[in-house]
Amino acid sequence: MEWTAEAIDQLRAFWAEGHSTAEIGRRMGISKNAVVGKAHRLNLDARPSPIRREAEGGERPAAQPRRATPPARDGAPLRRLDQSLAQPAAVVRPFQRVSARTCCWPLGEPGTPEFRFCSGDALTSKPYCQEHAAVAYVKARDRREDAA
DNA sequence: CCCTGATTCGC
DNA sequence: GCGAATCAGG
């Protein structure tokens, strides 16, 4: 995008009229990122942002490396996994077992796609299978190397 | 999913 | 300086 004086005037005009960045981009045949970026550099008055950036002093979790130009991989661009699709099924009903005879010992890191429950055969009147009941029910006297 | 604006940083 | 990628929210 060559930001001629005319283009900048047009951007300023649209911006002053209160159009959204994407709308301005559509009208000017450029991306909304181009509009936002230029508006920012022109110090046009900021629009109310829908997002709440971390307060001053708070450190970000180390932004991972980004590529200005993404590697185009043959016709099948990698898509960001939609967060709503990334929910492991186990999280939907975290404390409900398939049946009273199903072990509900948690396996893996909660919140990760790998997280699930054991689902082995639970002992009678216990929520865990034999293996996990042995871990779960330890006499206080005999505890040695629990408490990860 | 659609949308919004803000920020980062390779180019 | 530019703007895609990403973030973060509705």
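A quick note: this is a predicted structure, and the numbers were derived from the prediction, not measured. Residue numbering restarts at 1 for every chain, and letters A, B, ... go by the order of the sequence lines.
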Rounded to whole angstrom units, what separation is found between the [atom1] atom of [X] and the [atom2] atom of [N]?
X	N	atom1	atom2	result
A/His40	C/dA4	NE2	P	17 Å
A/Lys38	B/dT7	NZ	P	17 Å
A/Ile8	C/dC2	CD1	P	7 Å
A/His19	B/dG5	NE2	C1'	16 Å
A/Leu42	B/dA6	CG	P	13 Å
A/Arg47	B/dT7	CZ	P	14 Å
A/Arg41	C/dC2	CZ	P	5 Å
A/Glu23	B/dT4	CD	P	8 Å

Quick check against the 3.5 Å criterion: does A/Arg47 have a side-chain atom that pairs as donor or acceptor with the backbone of A/Trp15?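 Confirmed, A/Arg47 side chain pairs with A/Trp15 backbone.
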
Quick check on the hydrophobic clustering: are A/Met28 and A/Val36 connected, directly or via other members, by side-chain heavy-atom contacts under 4.5 Å?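 Each belongs to a different hydrophobic cluster.
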
Using a cut-off of less than 4.0 Å, is there contact between a side-chain N or O of A/Ser31 and OP1 or OP2 of C/dG3?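 Checking A/Ser31 against C/dG3: no side-chain N or O falls below 4.0 Å of OP1 or OP2.
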
Can a cation-pi geometry be assigned to A/Arg41 and A/Trp3, taking NZ or CZ under 6.0 Å from the six-membered ring centre and within 45° of the ring axis?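 Checked: cation-pi criterion not met.
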
Among C/dC2, C/dT6, B/dT4, find the nucleotide with the atom closest to the side chain of A/Asn33.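 The nucleotide sitting nearest to the side chain is C/dT6.
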
Any N/O donor-acceptor pair, A/Lys32 side-chain to B/dG5 base, under 3.5 Å: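 Present.
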
Tell me whether A/Glu23 at atom CD has more than 12 heavy atoms from other residues, nucleotides or ligands lying less than 6.0 Å away.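 More than 12 heavy atoms, drawn from other residues, nucleotides or ligands, come within 6.0 Å of this atom.
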
Looking for any heavy atom pair under 4.0 Å, which part of the strands does A/Ala39 touch: base, sugar-phosphate only, or nothing?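 No contact.
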
